[in-house]
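Along the sequence shown, residues carry numbers from 1. Everything numeric here is computed off the predicted structure, so don't read it as measured data.
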Amino acid sequence: MAVHVINEARRCLQCKKPLCRLKGCPIQTNVPEMIRLFLAGQTEEAGKMLFENNPLSIVCSLVCDHENQCEGNCIQGRRKEGAAIQIPNIEHYISDSYFDKATIERLPDTGQRVAIIGSGPAGITIAIKLAALGHNITIFERMDKIGGMMRYGIPAFRLPRNIIDRYQTKLRQMGIHFRPNTSIGTAIHLDDLFNDGYDAVFIGTGVWRPNRTGCKGESLGNVHYAVDYLRNPKAYDLGETVAIIGAGNSAIDVARTVVRMGSRNVTLYARRQRIAASQRELDYAAVDGIDIQQGMAIKEFTEAGPILTPRIYDEDGNLVREEEPVLMPADSTIIAISQGPKDRIVSTTHDLKVTDRGLLVIDESGRTTREGVFASGDVVVGSKNVVLAVYFSKQVAKTIDEYLKSKKK
């Protein structure tokens with residue numbers, strides 16, 4: 001692998017206006033500088049630069065939508081018969097080599113406490129940034145291990161669990177405390193955190209409530225939700241034939257997991273002609289033998305399988321007509337049409353405003369409508385991706401630090 005990565009790095013043109021960074025990367029990873037340092041034998045410096053810019057670089061190098069981001073904007077891929085540089089492979093090699101030996105320096109102890117609710121990409125980013133600034137951090141996580149949707153929503157074949165475990169080790173090395181199996185809004189409420197001396201609270205609880213279709217039969221025993229299934233696929237006995245409602249990247253994750261768990265016939269049903277999943281994920285689905293049928297809208301769930309309505313579209317993607325519903329035989333059906341936030345925190349506190357979708361309302365700096373409470377990640381913008389959660393959380397960490405400094409004046 002090392003030789004492969006080096007050869008890829010040598011293909012970099014060191015563009016003066018690198019589109020891979022300026023147009024392709026939401027968090028502005030300095031790809032040319034990363035490659036320059038790597039080829040100069042300064043791998044540790046390259047890793048440090050990546051980590052400081054993106055604490056979840058090692059994760060993003062595996063799970064980002066690279067074909068539409070850094071790699072998709074590489075000038076080498078725009079040449080006739082050319083191929084984009086495999087930037088994520090280079091980034092992963094460097095980040096993986098650097099991570100365990102990284103020493104994160106902490107500023108002197110400020111004596112101020114911050115509670116972080118949720119340990120997904122937003123929570124981990126905030127924890128690292130604020131701990132480095134000298135603040136005392138406690139992470140409250142309702143599951144037994146950290147990672148949030150990275151651990152319980154992204155399949156292990158895409159994101160190995162040992163990577164997330166390494167983050168927990170690194171966070172402990174920074175002096176960060178953990179409260180696993182602790183849901184804020186049950187025994188402990190948001191008010192309790194302030195009463196116990198926390199100076200600020202960050203909410204990064206993600207989106208764990210499945211979106212409903214509203215169709216008859218959704219509560220049947222052979223119908224499941226994607227977000228529940230991905231949390232522990234081994235708990236399910238789906239049978240030989242599985243239908244999946246939805247066609248985004250999450251639906252592909254579900255389908256590829258179902259195949260690996262032994263089901264032989266797996267079909268994704270997309271309501272529209274346009275498929276939301278990236279082409280790379282579609283390619284993997286094809287290799288795994290997963291069938292995708294477009295223009296099939298769910299009408300009803302039955303124990304014999306879903307009943308779907310075929311939808312005919314014109315060349316411009318406009319719906320022309322719907323045909324008679326048909327039963328698609330399946331042992332089990334999984335609904336993968338995204339998810340929203342749970343309301344446990346909001347329903348047990350005051351002054352926290354939410355949108356009509358249940359998402360927390362914040363200003364441009366991450367402040368919620370309650371003093372001292374901040375938020376970012378999926379609980380604010382809905383189900384997105386890791387790199388966007390990191391990007392916004394870096395900005396929110398600065399806002400929290402400024403708020404804490406103002407409290408000392």
Any side-chain donor paired with an acceptor under 3.5 Å for [X] and [Y]?
| X | Y | value |
| --- | --- | --- |
| Glu91 | Ser61 | no |
| Asn222 | Asp331 | no |
| Asn30 | Glu33 | no |
| Asp283 | Gln279 | yes |
| His135 | Thr110 | yes |
| Tyr403 | Glu371 | yes |
| Arg231 | Tyr229 | no |
| Ser57 | Ser95 | yes |
| Ser376 | Ser393 | yes |

Has [X] got a side-chain atom pairing as donor or acceptor with [Y]'s backbone, closer than 3.5 angstrom?
| X | Y | result |
| --- | --- | --- |
| Thr355 | Leu359 | yes |
| Glu71 | Ala84 | no |
| Arg209 | Pro341 | yes |
| Asn7 | His4 | no |
| Thr29 | Val31 | no |
| Asn53 | Ile27 | yes |
| Ser263 | Gly239 | yes |
| Arg106 | Ala131 | yes |
| Ser183 | Thr186 | no |
| Gln69 | Cys64 | no |

>> One pair to check against side chain to side chain contact (heavy atoms under 4.5 Å, CB included): Arg264 and Thr241. What are the steps and the verdict?
In response: CA-CA 6 Å; Arg264 295 179 180 273; Thr241 303; over 6 Å; no
Nearest heavy-atom neighbours spanning [X] and [Y]:
| X | Y | answer |
| --- | --- | --- |
| Thr205 | Ile345 | CG2-CD1, 3.8 Å |
| Thr369 | Lys353 | OG1-N, 2.8 Å |
| Asn211 | Gly340 | OD1-N, 3.5 Å |
| Cys60 | Asn54 | SG-ND2, 3.5 Å |
| Lys299 | Cys215 | O-CB, 3.5 Å |
| Thr399 | Ser365 | OG1-O, 2.9 Å |

>> Let's go through Arg161 and Asp165 carefully: what are the C-alpha distance in whole Å and the side-chain angles of both, what is the deciding distance for salt bridge (charged side-chain N to carboxylate O under 4.0 Å, His left out) to 0.1 Å, and is it a yes or a no?
In response: CA-CA 6 Å; Arg161 297 298 178 252; Asp165 294 337; over 6 Å; no
Salt bridge present between [X] and [Y] (N-O < 4.0 angstrom):
| X | Y | result |
| --- | --- | --- |
| Arg151 | Glu141 | no |
| Arg370 | Asp191 | yes |
| Asp288 | Arg256 | yes |

In the structure I gave you, are the side-chain heavy atoms of [X] and [Y] within less than 4.5 Å of one another anywhere?
| X | Y | result |
| --- | --- | --- |
| Ile75 | Cys15 | yes |
| Val114 | Val201 | no |
| His66 | Ile87 | no |
| Met150 | Val59 | yes |
| Lys342 | Arg142 | yes |
| Arg166 | Asp100 | yes |
| His92 | Leu62 | yes |
| Ile188 | Arg179 | yes |

> Between atom OH of Tyr313 and atom CD of Gln294, what is the distance when rounded to the nearest 0.5 Å?
Replying inline: 10.0 Å
> Distance from Leu308 atom CG to Arg271 atom CZ, nearest 0.5 Å?
Replying inline: 12.0 Å
More than 12 non-hydrogen atoms from neighbouring residues, nucleotides or ligands closer than 6.0 Å to [atom1] on [X], yes or no?
| X | atom1 | value |
| --- | --- | --- |
| Glu44 | CD | no |
| Glu303 | CD | no |
| Asn68 | CG | yes |
| Tyr152 | OH | yes |
| Arg311 | CZ | yes |
| Tyr284 | OH | no |

>> Run the salt bridge (charged side-chain N to carboxylate O under 4.0 Å, His left out) test on Lys407 and Asp199 for me, step by step, so that the C-alpha distance in whole Å, both residues' side-chain angles and the decisive distance to 0.1 Å come before the verdict.
In response: CA-CA 8 Å; Lys407 288 192 68 175; Asp199 297 283; 3.5 Å; yes
> How far apart are the C-alpha atoms of Val254 and Leu230, what are their side-chain angles, what is the distance that settles it, and do they pass the side chain to side chain contact (heavy atoms under 4.5 Å, CB included) test?
Replying inline: CA-CA 7 Å; Val254 170; Leu230 287 173; 3.9 Å; yes
> Do any pairs count as a salt bridge (Lys or Arg N to Asp or Glu O under 4.0 Å) and have a residue in residues 377-397, sequence neighbours left out, and if so which ones?
Replying inline: none
>> Both conditions, 6.0 Å and 45 degrees, for the charged tip of Lys170 above the ring of Phe99: are they met here?
In response: yes
> Is the NZ or CZ atom of Arg344 both under 6.0 Å from the centre of the six-membered ring of Trp208 and within 45° of that ring's axis?
Replying inline: no
>> For Asn385 and Asp65: C-alpha separation, side-chain torsions, deciding distance, then whether side chain to side chain donor-acceptor pair (under 3.5 Å) applies.
In response: CA-CA 9 Å; Asn385 55 43; Asp65 184 11; over 6 Å; no
> Using the ring of each side chain (for Trp, its six-membered ring), is His224 parallel, tilted or perpendicular to Tyr236, with breaks at 30° and 60°?
Replying inline: perpendicular
> How would you list all residue pairs meeting side-chain hydrogen bond (donor to acceptor under 3.5 Å, both in side chains) that involve residues 11-27, not counting sequence neighbours?
Replying inline: Glu8-Arg11
> Is there a side chain to side chain contact (heavy atoms under 4.5 Å, CB included) between Asn249 and Ser278 once you walk through the steps?
Replying inline: CA-CA 7 Å; Asn249 286 336; Ser278 68; 3.8 Å; yes
>> Pair Ile58, Tyr98 - check side chain to side chain contact (heavy atoms under 4.5 Å, CB included), show working.
In response: CA-CA 9 Å; Ile58 190 173; Tyr98 171 77; over 6 Å; no
